[in-house]
Number of protein chains: 2
Amino acid sequence: MELHQLRYFVAAAEAESISRAADRCGIAQPSLSQQIRKLETTLGVTLFDRLGRGVALTDAGRALLPRARRILGAVEEAESNLQSDLDEGAGRLAVGAIPTMAPYLLPAALNQLRTDFPRCEIVVREDFTENLIEAIVDNRIDVAVISTPIEHDLIDLDVIGVDPLLVCLPTKHPLLSRGGITLRDLRDQPTVTLHEMHCLGQQISGFCAAKRLAQNVVCRTTQLSTVLEFVRLGLGVSLIPEMAAKHDHNPERGYVKLSRQAPSRDIALAWRKGRTRPRLGLRFFEIIANNVNPN
Amino acid sequence: MELHQLRYFVAAAEAESISRAADRCGIAQPSLSQQIRKLETTLGVTLFDRLGRGVALTDAGRALLPRARRILGAVEEAESNLQSDLDEGAGRLAVGAIPTMAPYLLPAALNQLRTDFPRCEIVVREDFTENLIEAIVDNRIDVAVISTPIEHDLIDLDVIGVDPLLVCLPTKHPLLSRGGITLRDLRDQPTVTLHEMHCLGQQISGFCAAKRLAQNVVCRTTQLSTVLEFVRLGLGVSLIPEMAAKHDHNPERGYVKLSRQAPSRDIALAWRKGRTRPRLGLRFFEIIANNVNPN
DNA sequence: TATATACCATAGGATATGCCTATGGAATTA
DNA sequence: TAATTCCATAGGCATATCCTATGGTATATA
């Protein structure tokens, strides 16, 4: 069964004539006659009675007619609405993000995206950098919000901003009111930090190692919120990303920016190299870059 | 856009690989690759990103995929359900009948047909012979219940029974109780009869002319029920088909069969010559023939 | 790093398909 | 009876589909 055969069939049924149908289809009468016959052969039924003067649908032809119309209608819909669907951003976007960024960056950005493209479908995956990279390479997600460094031949990285790491202290901590804190001041402080399964945990460790600062780590957790709770209870201090600090409204914690050589992490979007970035992804890029760096 | 292109497209989208898709479709990899490219050209969009290691859908591809599946599903449905629809008699039947037969033959027959094929659709047309013949020739109706004679090259006629014409009299009429009535006894009776637009009216006139019986026609009507009413009021007698008499339960009228050379009309089904008789039509034939001639 | 493997694209040729014109037979109309 | 209309068939041409062979690129392995 071929689409043009269905078109010819419908034309012949409507015209009740092979000749007129061929005329309307812009082909010669024998061609249409031949295609109808072929359709009859493949379906194993007779579609028309040839009456010498025109043709008339048989039972089988009457049964096929509405189906043929449905099929052709679906084809037409596809051809004409494909582009408009794309224009309206009715697609799907799968976004990944590391757990230390997701809760601070995604909600606002995805909310905005839904506003811009009400018909879009968004899938979120929160996972560690390594798994996100793998997901991008395997085309399971379209884009990921992560931090540097990323070394992978198949990944394109756009650094869209910098997220400073602040010192997080209990409100009553003496350092909090002092001002002008440097890394050196933290040397003897007990610290609470993230497990190194998080890239943020690795980044902090790396930063301290670079500054030859031996951390006195009293606890490693797997969630930032747990770290914050420990700090609140006075078990130690911590380095916390600014984006997380901005979301912390608990009066029992305070944040201080280190006065010199303040550590930070990059905020980046990772894409699959070679893939055309989906329209929704491009808009997501704009939105999140704008949120990170308000002009 | 062609159906095989959609098939290849869906296969490639599902396999995420041109090679594997080609394998599954039973064609060579370059062929499938080429058809995908063609589809992209006709639609004016890129459907896949070629990643060296497999392919991945673009926005456009993702938009097309459900549509392609819908189209192919509709095609499959048509191919597989066409026959079953025919077997279940889900078709349409357009039946015609002359007004002097329709009310007595159609209701029971069509009711039976609906019982046999609950999904069928029936259209009834009640009209004069000439118009019915024309409707059959033009394929507007599939079959007609009519009477002889019919002379038309494009009509096949099946005589399925004979309908005697009875003398219809008011109950109090002296002839009714006499028995052994012949045409001669009607010679001086005032008669009421149908207009000759009805074939029955023509048949009765013809019959009387053949017997050299000059009718004393006091009234011509266009409906049998009007004739009956005139008879009831004693304005005249009439010849009424037996099938109508059987439906007449009014005690003020009586019917007598003529004892010799009783007139009758044929009951026939008319078909378009050259058309394959629809399944529903064949069943209708069986039912009505059986109703007319109960074995 | 070098080699082998997997995958998609291109090139060129064989085959098949769709469409054409010409023509014949059947039915209808003048 | 002749002219017309309509569908089917025959044969040829152009195109499209599919094939094999091959090259380039990315991935996996030695």
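Letters go in sequence order (proteins before strands), and every chain restarts at 1.
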Salt bridge (Lys or Arg N to Asp or Glu O under 4.0 Å) between A:Asp23 and A:Arg20, worked out: CA-CA 5 Å; A:Asp23 222 36; A:Arg20 268 196 304 274; over 6 Å; no

Quick one, A:Asp116 with A:Arg283, criterion salt bridge (Lys or Arg N to Asp or Glu O under 4.0 Å). Give me CA distance, side-chain angles, the key distance, then yes/no.
CA-CA 9 Å; A:Asp116 293 354; A:Arg283 184 74 189 114; 2.6 Å; yes

Identify all side-chain donor-acceptor contacts of residues 2-12 of chain A below 3.5 Å with residues at least two apart in sequence or on another chain.
unit_1: A:His4; atom_1: NE2; unit_2: A:Gln35; atom_2: OE1; d: 3.2
unit_1: A:Gln5; atom_1: OE1; unit_2: A:Glu2; atom_2: N; d: 3.0
unit_1: A:Gln5; atom_1: NE2; unit_2: A:Gln35; atom_2: OE1; d: 3.1

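The listed nucleotides are C:dC19, D:dC19, D:dT27; the one nearest the side chain of A:Ser31 is C:dC19. With D:dC18, C:dC7, D:dT20 as the candidates, the nucleotide lying closest to the side chain of B:Ala28 is D:dT20.
Judged by distance alone, the side chain of B:Arg275 and the main-chain N or O of B:Val137 form no donor-acceptor pair under 3.5 Å. In this structure a side-chain-to-backbone donor-acceptor pair under 3.5 Å is present from A:Asp142 to A:Ala94.
B:Tyr8 comes within 4.0 angstrom of the backbone, heavy atoms only, and of no base.
Here D:dA8 presents its C1' atom at 12 Å from CD of A:Glu40, a figure rounded to the nearest Å. Regarding A:Asp49, its CG atom lies at a distance of 15 Å from the C1' atom of C:dA26, rounded to whole Å. Residue B:Gln35 contributes atom CD, which lies 13 Å from atom C1' of D:dC19 at whole-angstrom precision. Atom CZ in B:Arg7 sits roughly 11 Å away from atom P in D:dC18 (whole-Å rounding). The CG atom of A:Leu32 sits 13 Å away from the C1' atom of D:dA8 (whole-angstrom rounding). Atom CG in B:Asp138 sits roughly 15 Å away from atom C1' in C:dA27 (whole-Å rounding). The CZ-C1' distance, from A:Phe48 to D:dC7, rounds to 12 Å in whole Å. Here the P atom of nucleotide C:dA27 and the CD1 atom of B:Ile155 are 15 Å apart, to the nearest Å.
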Return the polar atom pairs (N/O with N/O) between nucleotides 9-13 of chain C and the protein under 3.5 Å, or none.
unit_1: C:dA9; atom_1: OP1; unit_2: B:Arg37; atom_2: NH2; d: 3.2
unit_1: C:dA9; atom_1: OP1; unit_2: B:Arg50; atom_2: NE; d: 2.3
unit_1: C:dA9; atom_1: OP2; unit_2: B:Ser33; atom_2: OG; d: 2.3
unit_1: C:dA9; atom_1: N7; unit_2: B:Gln29; atom_2: NE2; d: 2.9
unit_1: C:dA9; atom_1: N6; unit_2: B:Gln29; atom_2: OE1; d: 3.2

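Taking the nucleotide of DNA chain C with the nearest heavy atom to each of B:His152 and B:Gly54, the more 5' of the two is matched to B:Gly54. When each of B:Glu2 and A:Leu154 is assigned the nucleotide of DNA chain D bearing its nearest heavy atom, the one mapping closer to the 5' terminus is B:Glu2. Toward the 5′ end of DNA chain C lies the nearest nucleotide of B:Ser17, the other residue of the pair B:Ser17 and A:Gln5 mapping further downstream.
The two atoms that bring B:Gln29 and B:Ala22 nearest to each other are CA-CB, 3.5 Å, heavy atoms only.
Residue pairs meeting the side-chain hydrogen bond (donor to acceptor under 3.5 Å, both in side chains) criterion with at least one partner in residues 66-78 of chain A, sequence neighbours excluded, are A:Glu14-A:Arg69, A:Arg67-B:Glu77, A:Arg67-B:Asp85, A:Glu77-B:Arg67.
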